[in-house]
Amino acid sequence: MKIGVDLDEVLADFVSPLLEFHNEKYKTNLTKEKVHSYYFWEVWGGTRKEAIEKMQDFLTTDYFKNIQPVLSSQEGIEILSKKHELILITSRPISIRNETLTWLNKYFPNKFSEEKIYFTAKAHLQKNIKAKANICLEQGIELLIEDNLDYAKESVLNGTRVLLFDYPWNQADDLPERIKRVYSWQDILENIK
């Protein structure tokens, strides 16, 4: 089976070091439980432009360079890679492609073919960048492991099943039928069996 795998908060614990950075630099006291939206300006205040500037600042720090894998993600990917084709689809910008590939090679060596790593940031603004749902459709991805509810909803419209990693920012009263909430990598592996 072809499985699409998101990067941040599925493989990489991105939010924790981002909050550490923000708390130290801006003297806030944010925790992951308080991140109710992936539109960070809604979480820490300020404008969208200011949030983008903060994010760009974060991407130059050791906080970003030292991101750790999500608990049990390395073991989970090792198991999945033996029976399935894994395709990485991240909403990170292409501008941090090299840093992303370095991180993947460190923590997930030889698990994702470089030709099967897609960067989708600003897909809604640039014609040469495809949305996650379109990549799933074009690549014949049957299952997407994701943490963003909007991307999950878009993907199921194209027939892709989604395992949605449970986080405060993706809560909803009801989920479309093809989206299933998961709580750990063990849960993901059980659902794929």
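Sequential numbering from 1 along the given sequence is applied to the chain's residues. As the structure is a computational prediction, the values presented were derived from the model and not from experiment.
- The two atoms that bring A133 and N158 nearest to each other are O-ND2, 3.1 Å, heavy atoms only.
- Between I141 and I89, the closest heavy-atom pair is CD1-CD1, 3.6 Å.
- Transitive grouping of hydrophobic side chains (ILVMFWY, heavy atoms separated by less than 4.5 Å) brings V10 and L7 into a common cluster.
- Side-chain contact between T90 and T120 is absent, with no heavy atoms from C-beta onward closer than 4.5 Å.
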- Message: Between R161 and V156, does the side-chain contact (heavy atoms from CB on, under 4.5 Å) criterion hold? Intermediate values first, please.
- Response: CA-CA 6 Å; R161 275 189 324 119; V156 298; over 6 Å; no
- Does the side-chain contact (heavy atoms from CB on, under 4.5 Å) test come out yes or no for W185 and Q74, once each step is laid out? CA-CA 9 Å; W185 266 95; Q74 290 170 292; over 6 Å; no
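- For an aromatic pair to be called close, the ring centres must be under 6.0 Å apart, and Y39 with W169 fails this.
- Rounding to the nearest 0.5 angstrom, the gap separating the OG1 atom in T31 from the CG atom in N23 is 8.5 Å.
- For F14 and F58, the ring centers are positioned less than 6.0 Å apart.
- Side-chain heavy-atom separations under 4.5 angstrom define the hydrophobic clusters, and L157 shares its cluster with no other residue.
- Under the 4.5 Å side-chain contact rule for hydrophobic residues, I3 and F165 share a cluster.
- Cluster annotation: V5 and L137 are assigned to distinct hydrophobic clusters (Ile/Leu/Val/Met/Phe/Trp/Tyr, side-chain heavy-atom contacts under 4.5 Å, transitive).
- P17 and I67 get closest at one heavy-atom pair: CG-CG1, 3.6 Å.
- By the 4.5 Å heavy-atom criterion applied to side chains, T102 and K106 are not counted as neighbours.
- Residue Q56 comes nearest to T60 through the heavy atom pair O-CG2, 3.5 Å, listed as atom of the first residue, atom of the second, then distance.
- Around atom NZ of K180, no more than 12 heavy atoms belonging to other residues, nucleotides or ligands sit under 6.0 Å away.
- With respect to R97 and E114, a salt bridge is recorded, a charged nitrogen being found less than 4.0 Å from a carboxylate O.
- Remark: W103 CH2 to F108 CZ distance equals 4.5 Å, nearest 0.5 Å.
- Note on I188: it clusters hydrophobically with Y107, by side-chain heavy-atom contacts below 4.5 Å among ILVMFWY residues.
- Ion pairing between E146 and K153 fails under the 4.0 Å rule for side-chain N and carboxylate O.
- Note on K132 versus E154: no salt bridge recorded, every NZ/NE/NH1/NH2 to OD/OE distance being 4.0 Å or above.
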- Please lay out, stage by stage, how Y38 and E9 fare under the test side chain to side chain donor-acceptor pair (under 3.5 Å). CA-CA 11 Å; Y38 231 15; E9 300 312 313; 4.6 Å; no
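- A donor and an acceptor atom, one from each side chain of D187 and S184, are nowhere located under 3.5 Å apart.
- Residues L88 and Y118 form no side-chain contact, since every pair of their non-hydrogen atoms from C-beta on lies 4.5 Å or further apart.
- Under 3.5 Å, the side chains of Y63 and E24 contain a donor-acceptor pair of N or O atoms.
- Within a 6.0 Å radius of CG in N110, no more than 12 heavy atoms belonging to other residues, nucleotides or ligands are found.
- Taking the ring centre of Y26 as origin, the terminal cationic atom of K54 falls inside the region bounded by 6.0 Å and 45° from the ring axis.
- To the nearest 0.5 Å, atoms CG (L80) and CD (E85) are separated by 13.0 Å.
- Remark: D6 CG to L164 CG distance equals 10.0 Å, nearest 0.5 Å.
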